[in-house]
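A short write-up of the structure that comes next.
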Amino acid sequence: MTNYAEVIGHPISHSKSPLIHRFWLNQLGLVGEYQARDILPEHLDDYFRERAADPEWRGCNVTIPHKIAALDHVTDLGDVRSSIGAINTVFRGANGILVGTNTDAGGFYGPIADLPLAGETAVVIGAGGASRAVLFALGQADIGEVVLLARNGLKAAGLLSHFGLKGRVLPLTARLPDSALLVNASPLGMKGQELLEIDLTPLPEHAVVYDLVYAPIETALLKQARARELEVVDGLEMLVGQAAIAFELFFGVAPPDDEENALRELLLR
Ligand code: NAP
């Protein structure tokens, strides 16, 4: 019997999940497989029906365009539908039931878990799916205030209220407030997208700049932050963090944490 997990999406060839999960399976010497599957929206029903009946299938990561639709095929034990609103992982729970969860919030929060953020101000750029996971995590971190920079102010204000966060919404061109954490949760700065035009001067010396974009890994935002000698967190950290939570849910064992550099090198090739 060979246990396996998958990542499903459409398209899917760009996904880095197979590289990450196979790397860990190898490192641990586990008998298991991890494949990418291109699943069309109209085949999602069949996919989950077939996999639910296959005892070797341990679960799947879920990416665009299935992150919301997949909720209809799983048990939502953590009430993800009413919080983050989308899942990125399906795994087998007690008695083999398919459970949906979202590991992005935990993956985002891992690298900043030791920062003293209680009562501080955080700035978040973007009001899409990644931003929802970030706001959910910041809501659990007892953050003082969130300033959300977005092009759609109404949508952004709705998010602050949805996550019960104190804060305000500003346009993308606004001057940054004094804040302990700046998170780019928009695609700005990503290969093929517009640049993120932002002046980091107002940030204090202890501020941390976190860019969720991982293609390229060293974004203009991170370069600018390094030039100011601010602490930075890049998008690979969240990518690997969310995968680590999913890996343990699939295969029942945590991935090794002493091979991080080798994994990063592999992902940057
Ligand atoms: P999304 O759901 O499409 O949301 C994108 C957000 O950015 C939306 O609020 C959108 O505004 C805004 N936006 C898009 N283009 C813009 C522009 N030209 N000017 C101003 N605002 C713009 O995307 P997502 O899933 O949240 O992903 C966002 C980024 O995070 C991507 O680069 C993705 O690769 C990255 N990400 C990284 C990880 C990781 O593990 N490191 C995980 C998830 C996502 P509207 O609301 O007005 O549409």
Side-chain angles (χ1 to χ4, degrees), residues 7 9-21 61-70 80 83-89 101-112 123-138 146-163 167 169-174 181-198 208-222 232-247 255 260 263-264 267-268:
V7 56
H10 178 71
I12 199 62
S13 56
H14 64 283
S15 174
K16 293 198 182 286
S17 294
L19 277 177
I20 301 174
H21 287 266
N61 287 118
V62 180
T63 188
I64 292 167
H66 305 313
K67 285 185 159 195
I68 296 172
V80 183
S83 57
I84 299 175
I87 56 173
N88 74 341
T89 303
T101 188
N102 193 316
T103 65
D104 274 343
F108 160 73
Y109 191 60
I112 56 166
V123 177
V124 178
I125 303 166
S131 178
R132 292 181 72 97
V134 167
L135 295 176
F136 175 81
L138 292 178
V146 174
V147 176
L148 197 47
L149 303 188
R151 64 180 174 186
N152 183 334
L154 269 182
K155 183 177 172 185
L159 280 189
L160 285 185
S161 139
H162 177 78
F163 288 103
V169 174
L170 294 175
L172 286 156
T173 49
L181 176 68
L182 169 68
V183 181
N184 176 31
S186 83
L188 294 172
M190 196 176 160
K191 202 171 147 197
Q193 300 277 340
E194 289 166 46
L195 271 183
L196 177 60
E197 309 273 357
I198 199 160
V208 175
V209 176
Y210 193 153
D211 201 339
L212 268 50
V213 170
Y214 55 83
I217 186 64
E218 187 69 5
T219 59
L221 173 66
L222 294 189
V232 303
V233 183
D234 66 41
L236 275 192
E237 295 206 32
M238 173 170 167
L239 188 72
V240 171
Q242 61 77 28
I245 301 168
F247 184 91
E260 211 174 294
L263 177 56
R264 283 179 70 91
L267 293 170
L268 291 172

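All ligand and atom numbering here is 1-based and tracks the order in the structure.
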Any chance CD1 of Ile68 has more than 12 other-residue heavy atoms, nucleotides or ligands included, within less than 6.0 Å? no
Counting from 1 in the order shown, the ligand 1 atoms closer than 4.0 Å to a non-hydrogen atom of Ala127 are 8 (C), 9 (O)
| message | Could you tell me if the side chain of Val240 sits less than 4.5 Å from the side chain of Leu267, heavy atoms only? | response | yes
*asked:* For ligand 1 and Gly235, I'd like to know whether there is a polar contact (N/O to N/O, distance under 3.5 Å).
replied: yes
- Query: With a 4.5 Å limit on heavy-atom distance, are the side chains of Leu222 and Val209 in contact?
  - Reply: yes
Filtering Ala130, Ala185, Gly153, Ala86 for the heavy atom nearest atom 25 (O) of ligand 1 leaves Ala130
If you scan protein heavy atoms around atom 42 (C) of ligand 1, the nearest is Met238 CE, 3.6 Å
> Does Arg151 reach ligand 1 with a nitrogen or oxygen that is under 3.5 Å from one of the ligand's nitrogen or oxygen atoms?
Replying inline: yes
Quiz item: Is any heavy atom of the protein nearer than 4.0 Å to atom 2 (O) of ligand 1?
Solution: yes
Atom 7 (O) of ligand 1: of Pro187, Ala243, Pro171, Gly128, the nearest heavy atom sits on Pro187
Under 4.0 Å from one or more heavy atoms of Lys155, ligand 1 contributes atoms 45 (P), 46 (O), 48 (O)
So the atoms of ligand 1 within less than 4.0 Å of a heavy atom of Ser186 turn out to be 7 (O), 28 (C), 29 (C), 32 (O)
Of all heavy-atom pairs linking Gln242 and Thr103, the shortest is O-OG1, 3.0 Å
Can you find a pair of side-chain heavy atoms, one from Tyr210 and one from Met238, that are under 4.5 Å apart? yes
**Q.** atom 33 (C) of ligand 1: any protein heavy atom closer than 4.0 Å
**A.** no
With nothing but distance in play, are any N or O atoms of Leu172 less than 3.5 Å from an N or O of ligand 1? no
Inset, instruction - Report yes if the side chains of Val213 and Leu221 come closer than 4.5 Å at any heavy-atom pair, otherwise no. - result: no
Pro171 and Leu149 have their tightest heavy-atom pair at O-CD2, 3.8 Å
Tightest non-hydrogen contact, residues Ala105 and Ala137, listed as O-CB, 3.8 Å
The answer for which part of Leu236 has a heavy atom under 4.0 Å from ligand 1 is neither
Regarding Ser17 and Asn61, do their side chains bring together a donor and an acceptor under 3.5 Å, going by distance alone? no
Note: ligand 1 atoms sitting under 4.0 Å from heavy atoms of Val213 are 32 (O)
Numbered in order shown, the ligand 1 atoms found under 4.0 Å of a heavy atom of Gly129 are 2 (O), 26 (O)
Does Glu218, at its CD atom, have more than 12 non-hydrogen atoms belonging to other residues, nucleotides or ligands within less than 6.0 Å?
yes
| message | Below 3.5 Å, N or O to N or O, backbone or side chain included: is there any such pair between Leu212 and ligand 1? | response | yes
For Met190 and ligand 1, does the shortest N/O to N/O distance drop below 3.5 Å?
no
* atom 47 (O) of ligand 1 protein-contacted, heavy-atom criterion under 4.0 angstrom -> yes
Smallest heavy-atom separation, Val169 atom then Ala157 atom, equals CG2-N, 3.5 Å
**Prompt:** Are the side chains of Val183 and Phe108 in touch, meaning some heavy atoms are under 4.5 Å apart?
**Reply:** yes
If you measure every N/O of Gln242 against every N/O of ligand 1, is any gap under 3.5 Å? no
Per-atom filter on ligand 1: closer than 4.0 angstrom to a heavy atom of Asn152 are 47 (O)
